[in-house]
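Just so we're on the same page: letters track the sequence lines, and every chain starts at 1.
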Amino acid sequence: MPEGHTIHRLARELTRDLVGGALAVSSPQGRAAATAALLERGTLARIDPYGKHLFLRWKTGLTLHVHLGMYGKFHRFEPPGPEPRPTVRLRLAGERLVVDLIGPTVCAIIEPGEEARLRGRLGPDPLARGTRPELAWERLRRRRTAVGAALLDQSVLAGVGNVYRAEALFVHGIDPCRPASTLTREEFDALWATLAGMLRHGVRDGRIITVDPTEFGYRRRSRIPPEQARYVYRQPFCRRCRTPVDRFLLAGRWAYRCPHCQPRL
DNA sequence: TACATATGATCAT
DNA sequence: TGATCCTATGTAA
């Protein structure tokens, strides 16, 4: 399940295994049948990630826009792959790889103008090349909402989701309920650097590990068991100081805060 | 069988 | 703020 790191990792893997040869495109579920028909036997030119969005560019000039939402997944198989499950929205079958797209929020051809509008709404993606944190800072400091709400707003920062929000704010001792406008430039710069680092690790690891391994006696991040990989997100106790973690809804999502490590202002 | 839950986002009110 | 969409899984009943 996807925050920005999942999308960037997918872009790499699918680029490696799908770009180049002709693909059989189908929609076993039927809902994307028209889209599949437009792409059938087509060849991918490139795949671009941005934030939580994936843009699959075909040599015909068409672009397939995919957003996984909360439950969306790509299942990967060695060709020819199994009989598709009835929920498969789109199957892309190539020489080296078969992928099934399940449960996305968006899976549709997008026109250039529409893509431009979408990108215009999105804030900078810390994983994108040549990204501009300045824009995130300008938007964040004008928000009247809590910083924990602002971080989930994709027009402020693209690619950050609920886990990274909880963990990055923890690392810097920031209470998620603090008004975004009270953040100092120094705090923002530190938060951006942390988020960018966490996202990059996420791409590399294929999962979200936010704790410093040495803090728990591990030499390598990869050795950390899943239940120990985070400081506060879905943790009953703060992994650093053992204080019970606060859980409360913020911007409609569960937020996590250590009352000791992230005191109110 | 039913219900709760999940790393998301949009639209109506 | 609440309803809604999309799917799979784990737990309770």
Side-chain angles (χ1 to χ4, degrees), chain A residues 1-11 27-33 35 49-54 64-76 82 84-91 99-108 110 114-115 117-123 125-127 144-146 148-171 176-177 194-211 224 226-236 245 247-256:
Chain A
M1 279 182 249
E3 296 193 30
H5 69 296
T6 306
I7 301 309
H8 284 257
R9 187 179 167 99
L10 268 170
S27 179
Q29 182 192 51
R31 180 196 276 247
T35 301
Y50 195 88
K52 299 172 186 171
H53 300 261
L54 208 47
L64 177 68
H65 175 212
V66 174
H67 191 295
L68 295 180
M70 194 119 70
Y71 329 105
K73 278 187 176 64
F74 280 97
H75 290 169
R76 315 161 49 109
R85 312 169 71 137
T87 53
V88 172
R89 184 79 58 88
L90 200 72
R91 169 172 281 200
V99 294
D100 285 348
L101 174 58
I102 314 276
T105 293
V106 178
C107 168
I110 189 170
E114 204 183 334
E115 179 179 341
R117 276 194 298 282
L118 169 62
R119 285 176 175 268
R121 280 204 311 273
L122 293 172
D125 174 354
L127 288 174
R144 309 178 73 81
T145 55
L151 288 186
L152 290 186
D153 184 338
Q154 300 296 298
S155 65
V156 173
L157 267 152
V160 173
N162 205 18
V163 182
Y164 289 124
R165 149 175 98 166
E167 297 292 292
L169 289 172
F170 171 85
V171 164
C177 296
T194 294
L195 284 166
M198 285 179 170
L199 282 157
R200 276 195 291 269
H201 281 304
V203 175
R204 210 171 302 155
D205 300 338
R207 60 184 178 121
I208 303 180
I209 302 166
T210 54
V211 298
I224 299 177
E227 67 280 5
Q228 292 184 33
R230 293 146 199 184
Y231 290 108
V232 289
Y233 178 81
R234 278 170 68 94
Q235 300 291 328
V245 167
R247 185 180 82 142
F248 52 95
L249 286 176
L250 182 56
R253 314 290 303 281
W254 288 118
Y256 302 83

Its dot-bracket string being built from Watson-Crick and G-U pairs below 3.5 Å, with | for another strand and [ ] for crossing, DNA chain B has the pattern ||||||.|||||.
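- At a threshold of 4.0 angstrom between heavy atoms, the contacts of A:Glu167 with the nucleic acid are absent.
- Legend: residues meeting side chain to side chain contact (heavy atoms under 4.5 Å, CB included) with A:Thr194, ordered by chain and number and at least two apart, are A:Ala168, A:Val171, A:His172, A:Met198.
- Contact annotation: A:Gln29 reaches the phosphate of C:dT7 (side-chain N/O to OP1 or OP2, under 4.0 Å).
- Distance check on atom C1': B:dT10 versus C:dA8 gives 22 Å, rounded to whole Å.
- Between A:His67 and B:dA9 there is a side-chain N or O to OP1 or OP2 distance below 4.0 Å.
- Rounded to an integer number of Å, the gap from CG of A:Asp153 to C1' of B:dT10 is 13 Å.
- A:His53 and A:His67 have perpendicular rings, their planes meeting at more than 60° on a 0 to 90° scale where under 30° would count as parallel.
- Within 4.0 Å of A:Arg234, counting heavy atoms only, lie sugar-phosphate atoms of the nucleic acid but no base atom.
- Using a 4.5 Å cut-off on side-chain heavy atoms (C-beta onward), A:Val88 and A:Gln29 make no contact.
- Using a 4.0 Å heavy-atom criterion, one finds that A:Thr105 contacts the bases of the nucleic acid, with or without backbone contacts as well.
- In this structure, A:Ser27 contributes its side chain and A:Arg89 its backbone to a donor-acceptor pair below 3.5 Å.
- Relative to the side chain of A:Thr87, the nucleotides B:dA6, C:dC6, C:dA8 differ in distance, and C:dA8 lies closest.
- Taking the side chain as every heavy atom from C-beta outward, A:Thr210 and A:Tyr233 never approach each other to under 4.5 Å.
- OP1 or OP2 of B:dA9 has at least one side-chain nitrogen or oxygen of A:Lys52 nearer than 4.0 Å.
- In this entry the distance linking OH of A:Tyr71 with P of C:dT4 reads 13 Å, nearest Å.
- An OP1 or OP2 oxygen of C:dC6 is reached within less than 4.0 angstrom by no side-chain nitrogen or oxygen of A:Arg89.
- Side-chain N/O atoms of A:Trp254 include none lying less than 4.0 angstrom from OP1 or OP2 on B:dT5.
- Taking only side-chain nitrogens and oxygens, A:Gln154 comes nearer than 4.0 Å to OP1 or OP2 of B:dA9.
- What separates CE of A:Met70 from C1' of C:dC5 is a distance of 10 Å, to the nearest Å.
- Every residue two or more places apart in sequence or in another chain was checked for a side-chain hydrogen bond (donor to acceptor under 3.5 Å, both in side chains) with A:Tyr256, and none qualifies.
- Among the atoms of the strands shown, only primed sugar atoms or phosphate atoms (P, OP1, OP2) are found under 4.0 Å from some heavy atom of A:Arg85.
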- side chain to side chain contact (heavy atoms under 4.5 Å, CB included) evaluation trace for A:Leu10 with A:Leu68: CA-CA 11 Å; A:Leu10 268 170; A:Leu68 295 180; 3.9 Å; yes
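- Taking atom C1' on both B:dT7 and C:dT1, the two are 23 Å apart, rounded to the nearest angstrom.
- Here the C1' atom of nucleotide B:dA9 and the OH atom of A:Tyr50 are 17 Å apart, to the nearest Å.
- The separation between A:Glu114 atom CD and B:dT10 atom P is 12 Å, rounded to whole Å.
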